[in-house]
Structure formats: C-alpha cells, structure tokens
Amino acid sequence: VRHEKGCKTQDSADIISTVEFNHSGELLATGDKGGRVVIFQQELESKNQPQCRGEYNVYSTFQSHEPEFDYLKSLEIEEKINKIRWLPQKNAAQFLLSTNDKTIKLWKISERDKRPEGYNLKEEDGRYRDPTTVTTLRVPVFQPMDLMVEASPRRVFANAHTYHINSISVNSDCETYLSADDLRINLWNLEITDRSFNIVDIKPVNMEELTEVITAAEFHPNQCNTFVYSSSKGTIRLCDMRASALCDQHSKLFEEPEDPSNRSFFSEIISSISDVKFSHSGRYMMTRDYLSVKIWDLNMESRPVETYQVHEYLRSKLCSLYENDCIFDKFECCWNGNDSVVMTGSYNNFFRMFDRGYRQDVTLEASRESSKPRSVLKPRKVCTGGKRKKDEISVDSLDFNKKILHTAWHPQDNIIAVATTNNLYIFQDKL
Amino acid sequence: MFPKGTKRKFSDSGDEPAAGGEDVNQPSSVAVRMLSSYSLQRQSLLDMSLIKLQLCHMLVEPNLCRSVLIANTVRQIQEEMTQDGTWQIMTQALSAANAAAQCSADRLVATEVLCRQTEATQGEQVLKPFPAVGSEGCPAEEEEEVVVEEEGEGGPQPPTCQAPLAWTPAGKRKMDSRTAEQVFGTFEIKNPAPSPDPALEELFSDVDASYYDLDTVLTGMQSAPKMGPYDLLESLSSHGPSPLSSSTSCRSDLNELDHIMEIIVGS
C-alpha cells in the first residue's frame with residue numbers, strides 16, 4: 001500500500017473543472033468554473049529537504065474565457081474551462097490549449113526576467129531625454145529584473161461546435177489537435193483558426209432519433225492517425241484517419257456485453273463512459289464509467305482485460321443517485337508514468353488507486369482534516385453492511401456533494417494532483 | 001444523506017380490481033403485491049424522469065448527454081409498460097381525463113415536455129403535483145428485493161393511477177417523437193425542424209420577424225436592455241395592414257407574447 005504525503009493545498013474561489021500536468025511535470029494547470037487558469041510550477045529541489053521534491057507554487061494566473069451570450073438561442077455560454085491540454089515544449093515558452101463549451105484558445109506562457117536598459121533617447125521611466133543633453137552613445141544592455149510570467153492568447157478557435165465541447169486532444173504530430181462535442185469531432189491545425197475538418201459526425205438527420213452522444217475523445221500517444229471516442233452507451237470506437245476523411249466508420253468497436261443479472265433501468269446510465277485515456281505506452285486504454293474503471297487492450301475489442309470497482313456499494317443506491325443527479329457525475333481517470341497504477345475519484349472526497357501489477361487498491365481522502373502537510377495519508381474504508389468497524393465510514397454517511405472528478409498524475413514521478421470542489425491537493429510519495 | 005422517501009402506501013391486493021378476467025392463473029397475493037410495488041416504483045421512476053426532462057435551465061443550454069440518458073430511460077420504461085399492458089391502461093385512463101378537460105392530448109404533450117411552457121395560454125392543465133405515493137423517489141432498498149413477474153403471471157394489476165401525465169393516447173411511437181423533439185428541439189437550430197409542434201406553430205404564426213425581437217427582449221433581461229417591452233409593442237403595432245385590424249391582431253399577439261414573457265421570466 002502506497003504512502004502519500006500531503007504537500008500543498010491551494011484555495012480557489014471557484015470550482016475547479018480541470019487539472020493537467022505538462023509533459024515534464026514541472027507545471028500543473030487548473031481551470032475553473034469562472035474561466036480562469038491557474039498554473040503552478042514545481043520549485044527546484046532544495047538541498048535543505050532532500051526527502052521532499054520541490055513544492056508547487058503559483059506561477060501564473062489568467063482569465064482564459066469570459067461568459068458569452070448566444071443571441072440566437074437566448075442562452076448563456078458558460079466560461080467554465082472544460083479541459084486544458086499542454087503542447088509539448090519546443091522553445092522557451094509554454095503553450096496550452098484551454099476550452100469552454102464552444103471555443104478553444106491557444107495560450108502562450110512566457111517568462112520575462114530581463115529588460116533592456118540604457119537607451120540613448122529615453123530615460124529609464126520612459127520619458128524622452130532632451131537630445132541636447134546626449135553627449136555619449138551607449139549600447140542598451142539587458143539587465144535582470146523580477147520574473148514576470150505573461151500569458152497571451154495566440155489563437156482562438158471559435159464557431160466550430162454547435163454542441164458542448166467535452167474533449168480536446170493534441171496529436172503526436174504536434175501540428176494538429178481534435179476537439180469533440182456531444183455529436184461531432186473536429187480536427188484542427190494549430191496554426192489555422194478559421195477552418196477545421198469534421199472527422200466524426202453522429203448527429204442523426206432527425207434529432208428525434210438521437211439516443212447516443214460522444215462523451216470523450218483522445219488521440220493515440222504515438223500513432224498520429226489514430227484516435228478513440230467513447231459514447232454514452234458504453235462503447236469506444238477507435239478510428240483511423242487514413243481510412244477515410246470522415247471517420248464515421250470505426251476501425252474497432254470496444255464494448256463489453258451487458259451482465260444480464262445486473263440489468264436495471266439504470267444500466268445504460270451507469271455504462272455511459274465519462275473519460276477515456278490511453279496508456280503512455282499506447283498499448284492500452286482506460287475507460288471510466290459510473291461504478292468502475294476498465295482497462296482495454298487495443299487488440300481485443302470484446303471485453304476489457306481488467307476491471308476495477310470504484311464504489312460498488314453505490315449499486316444499490318442508484319435510484320437515489322438518479323434522483324439527486326449524482327448518477328450523471330463525470331469522473332475522470334488517469335495513469336501513472338509507467339502505466340502500473342491507475343487513479344480515479346469518488347465521493348466524500350475519496351479517491352482510489354489501483355495497482356495493476358500487485359493487484360492492490362487503496363482509498364484515500366483529500367481533505368484538510370485528514371491531510372496535514374508532511375503527514376502520511378491514511379487509507380480509508382467504506383463499510384458496506386453489517387457492523388461498522390472503527391475508522392470505517394458507512395455508505396449513508398458519505399457526502400455526495402464532496403466529489404473528486406478531476407485527478408492528474410505527474411508524467412514521471414509519484415506526484416498526484418487531486419481536485420476537490422474548491423481546493424487542489426498535491427500529494428507526493430514519501431521517499 | 002438521501003432524502004428518505006415517505007413510507008410508500010399502496011393498496012392491498014384485495015382493493016385492487018381483479019385482472020381482467022382473461023387469465024386463468026391468478027397470481028398469488030404476495031406476487032401481486034410485489035408486482036404492484038414494482039409497478040409503483042417504475043411509475044415513480046417514470047414521473048421523476050419526466051420532471052427531470054422538463055426542468056431545463058432557462059439560461060444555460062441543458063446538458064445533452066444527461067437529457068439523452070434520461071430520455072432513453074423513459075423509453076425503456078415505456079417499452080416495458082407497453083409489453084405488460086400497463087401503458088395502454090394508463091393512456092386510456094388519461095384520455096378519459098383529457099376528454100373531461102376538453103383539451104387535445106397533443107397539446108398536453110407539448111405542455112408537459114417543453115422546457116418553456118407556452119401552452120398555459122390555452123387554459124390547459126399544467127403539470128399537477130404528483131401524489132404522495134412514490135413522489136419522494138423510490139427507497140433504494142425496496143428496489144433490490146422486488147421480483148419482477150411478467151409474462152407468466154397474466155394481466156398485471158393496473159397501478160394506482162397517478163396525476164394525469166400528458167401522454168398522447170396515440171401510442172408510444174408518437175410519444176417518442178414528441179418527447180424527443182421537444183427535448184432535443186432546443187439543441188438544433190441550424191436546420192430548423194421541418195415539422196415543429198403544431199401548437200407552437202399556431203402560437204407564433206401571427207408573429208412576424210419581430211419574434212426575434214423577443215429574443216432581444218429576453219436578452220434585455222440579462223444585460224443592459226437593448227429593447228424594452230414597450231419598444232416591442234411599438235414595433236409590432238407598426239406592422240400590419242391597417243390600424244384597425246392590426247390593433248386587434250396586435251393585441252392578441254401582445255397578449256400571447258406578454259404571457260410567454262411572464263412564464264419564461266416569472267417562473
């Protein structure tokens with residue numbers, strides 16, 4: 001069982017809606033319901049505390065999206081950031097894509113720690129010097145200044161989605177990316193904002209016949225022609241862009257046959273996939289539905305190779321969870337750096353980790369009470385019936401307003417970011 | 001944690017009318033009770049689902065995935081109820097109630113399922129509050145234990161008829177299309193549906209391009225008003241062939257528009 005150490009919490013006024021490490025893990029971006037992006041940067045390892053990797057501190061904050069109004073439909077467009085995806089770093093600056101329901105933006109985050117000084121015609125404060133007082137010429141030089149981090153929007157990809165964008169994914173070619181809404185997936189070139197290619201369209205001619213929507217989509221990590229998208233009916237389709245321009249015909253269809261003994265009116269709802277993530281290796285993909293996490297081998301479409309129950313004790317509560325809408329909560333999931341452990345969130349500020357190799361799982365809690373900085377997280381247990389042991393929590397005591405929907409794992413190290421409703425927790429492995 | 005349901009009371013098997021007389025095999029009283037319990041829970045789930053479909057947020061576009069999943073659930077319940085005959089019984093009971101109220105069931109469907117109720121002008125029944133039975137949602141424990149007895153058991157007991165839901169008695173296909181259209185209609189604006197709801201058509205047929213001014217008026221509710229209601233009045237009255245006839249048609253237009261605004265804003 002893994003031991004974790006609480007390292008940092010960050011209060012935010014708004015509800016966190018997405019969390020994402022960049023490719024090196026040095027930066028961690030969060031998006032919130034108010035349209036803001038907050039980026040944390042890992043400090044360099046300090047010599048004083050060799051057992052602790054660098055802490056994450058706020059690096060940059062900017063307003064990515066503003067609320068808008070769709071005049072044609074008389075509806076508001078929320079500024080909530082649905083997803084952030086980092087681009088691989090190519091030069092000194094960092095780039096990320098952030099999206100709300102309708103518009104994707106490419107942001108450049110750059111540092112400035114020097115400024116030119118010693119102009120001939122200007123004073124340091126910008127006032128122009130009297131030319132008659134200039135007796136010598138000098139070459140301006142760069143002098144160090146306090147670090148300034150600037151975020152500037154470089155591209156705005158708008159007006160391509162009728163429905164709500166749920167996913168964006170950068171291609172391994174680093175030139176294109178996809179954006180997916182409920183019924184369509186578009187392919188963009190990062191340089192071109194006035195055009196996108198529609199590559200998947202599942203909208204029926206007659207909206208009356210609509211029974212299935214797209215819930216998530218992602219590009220393969222190495223094969224730039226391959227992507228997958230998941231649906232509200234629990235299916236995953238793998239598509240090859242070389243096959244045709246419009247990928248309505250899938251190359252592979254991943255679907256697990258339904259267990260007839262578990263059938264209820266809620267079967268379809270709980271089979272709806274809320275997140276799909278390729279493993280770093282590209283050999284597997286993971287899907288999250290309401291009660292479980294499933295690992296699929298891309299070579300086997302008939303059923304997943306591994307299934308992990310996140311909170312099976314909720315199966316008998318589905319009617320209540322339908323009534324209070326919790327059954328529609330969309331939990332995300334993530335892989336660790338070497339694909340040996342997967343993680344996902346649950347209720348009561350619990351999150352779960354499943355070690356695929358050791359066949360172990362653990363439930364941990366992200367809350368102020370249970371995670372003092374530098375202390376080890378204690379595993380939690382939900383009592384499903386019968387006598388409740390000490391330290392266990394019964395199902396009826398779970399707080400369903402405290403849900404962990406967004407989690408992220410550092411690409412190399414055992415550092416995780418867990419978002420509760422308003423707070424971000426960063427835990428790291430005790431060395 | 002969850003809102004605990006009020007204790008469900010359903011009538012004894014003795015109070016319920018015997019099943020049709022068509023079936024020789026009378027189910028045991030225990031089975032009947034369990035079947036009734038299941039039917040009630042199923043009905044309750046149906047009611048809950050319909051409410052969820054109606055409660056669309058006025059300002060923000062509703063979540064399409066959630067709506068699709070709920071609509072699919074409704075469809076499943078509908079199919080099951082059709083298979084065991086409950087559906088027909090309910091719709092018959094409803095059409096009797098509808099006939100008494102002298103309204104067309106089609107209109108009722110539109111009323112119940114539309115996100116924005118525009119039919120209240122017709123003086124029809126708006127959605128009645130559901131009776132206490134099962135209104136709090138089904139207790140989760142009971143659901144597990146209920147055994148579903150279907151094909152072998154003969155005619156099921158008719159469930160305690162809830163408040164009249166607006167089902168069109170014309171059959172489930174029509175219901176499907178109406179439900180889906182009303183629910184998903186708001187999502188599709190690029191290609192206007194060729195066959196919109198006839199009631200809606202009628203309502204807006206007199207309103208010309210100034211219908212889009214309605215949107216502006218609604219916009220005005222949110223931000224700085226670009227056009228007040230009185231501007232709308234003026235622009236409407238400026239259209240129309242002659243002052244005399246236009247004033248009457250305008251008045252009914254305005255009444256209806258006023259009413260729509262009241263409902264949308266006031267509700």
Side-chain angles (χ1 to χ4, degrees), chain A residues 67 69-78 80 101-102 162-164 166 181-183 203-215 231-233 264-272 274 314-328 330 394-400, chain B residues 1-5 41-42 44-46 48-49 52 57-73 75-77 80 136-144 176-181 183-191 193 212 214-219 221-223 264:
Chain A
F69 199 85
D70 182 335
Y71 290 94
L72 201 53
K73 293 195 210 175
S74 296
L75 292 168
E76 279 185 9
I77 299 173
E78 279 191 299
K80 173 168 71 85
D101 284 337
K102 298 285 184 182
T162 308
Y163 306 97
H164 289 182
N166 52 56
D181 65 31
D182 295 312
L183 297 178
K203 177 182 169 302
V205 169
N206 204 345
M207 278 296 268
E208 299 168 13
E209 292 159 11
L210 179 66
T211 57
E212 190 174 12
V213 300
I214 297 170
T215 52
S231 84
S232 56
K233 286 199 169 170
S264 74
F265 285 121
F266 306 110
S267 293
E268 184 182 312
I269 300 179
I270 63 169
S271 75
S272 174
S274 51
L314 295 183
R315 193 180 288 273
S316 58
K317 308 282 183 192
L318 290 179
C319 192
S320 303
L321 292 164
Y322 179 72
E323 188 180 13
N324 64 16
D325 265 12
C326 282
I327 208 174
F328 300 107
K330 297 199 180 229
S394 73
V395 182
D396 294 318
S397 310
L398 294 174
D399 188 343
F400 287 79
Chain B
M1 184 61 258
F2 305 121
K4 298 277 192 229
Q41 288 174 24
R42 183 176 59 185
S44 159
L45 185 61
L46 182 61
M48 203 197 307
S49 304
K52 283 181 182 297
H57 297 277
M58 287 301 184
L59 298 175
V60 181
E61 211 163 357
N63 186 327
L64 183 61
C65 181
R66 177 178 174 275
S67 302
V68 166
L69 289 172
I70 298 172
N72 288 352
T73 307
R75 208 172 280 125
Q76 278 179 55
I77 297 174
E80 194 182 276
E136 298 290 299
C138 40
E141 300 73 31
E142 277 182 43
E143 186 166 302
E144 276 285 76
D176 268 352
S177 65
R178 289 243 177 260
T179 314
E181 191 182 332
V183 168
F184 304 130
T186 49
F187 298 109
E188 186 49 46
I189 55 148
K190 290 215 160 149
N191 307 314
Y212 283 105
L214 183 63
D215 272 356
T216 318
V217 175
L218 290 177
T219 310
M221 305 293 174
Q222 306 310 320
S223 54
I264 291 172

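All chains are named by letter (A, B, ...) in the order of the sequence lines, taking the proteins before the strands, and each is independently numbered beginning at 1.
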A/Asp396/A/Lys317 salt bridge by N-O under 4.0 Å criterion: yes

Residues in side-chain hydrogen bond (donor to acceptor under 3.5 Å, both in side chains) contact with A/Lys80, at least two apart in sequence or another chain: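 For A/Lys80, the residues satisfying side-chain hydrogen bond (donor to acceptor under 3.5 Å, both in side chains) (neighbours in sequence not counted) are A/Asn82.
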
Counting only heavy atoms closer than 4.5 Å, note whether [X] contacts chain B via side chain, backbone, both or neither.
X        : answer
A/Ile214 : neither
A/Ser272 : side chain
A/Phe328 : side chain

Closest non-hydrogen atom pair between A/Phe265 and B/Thr73, with its separation: O-CG2, 3.9 Å

Option among A/Val213, A/Ile77, A/Asp181, A/Asp182 that satisfies the side-chain contact (heavy atoms from CB on, under 4.5 Å) test with A/His164: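 Of all the options given, the one that passes is A/Asp182.
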
Between A/Asp325, A/Ile327, A/Thr215, the one whose heavy-atom pairs under 4.5 Å with chain B are most numerous: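 Highest number of pairs under 4.5 Å: A/Asp325.
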
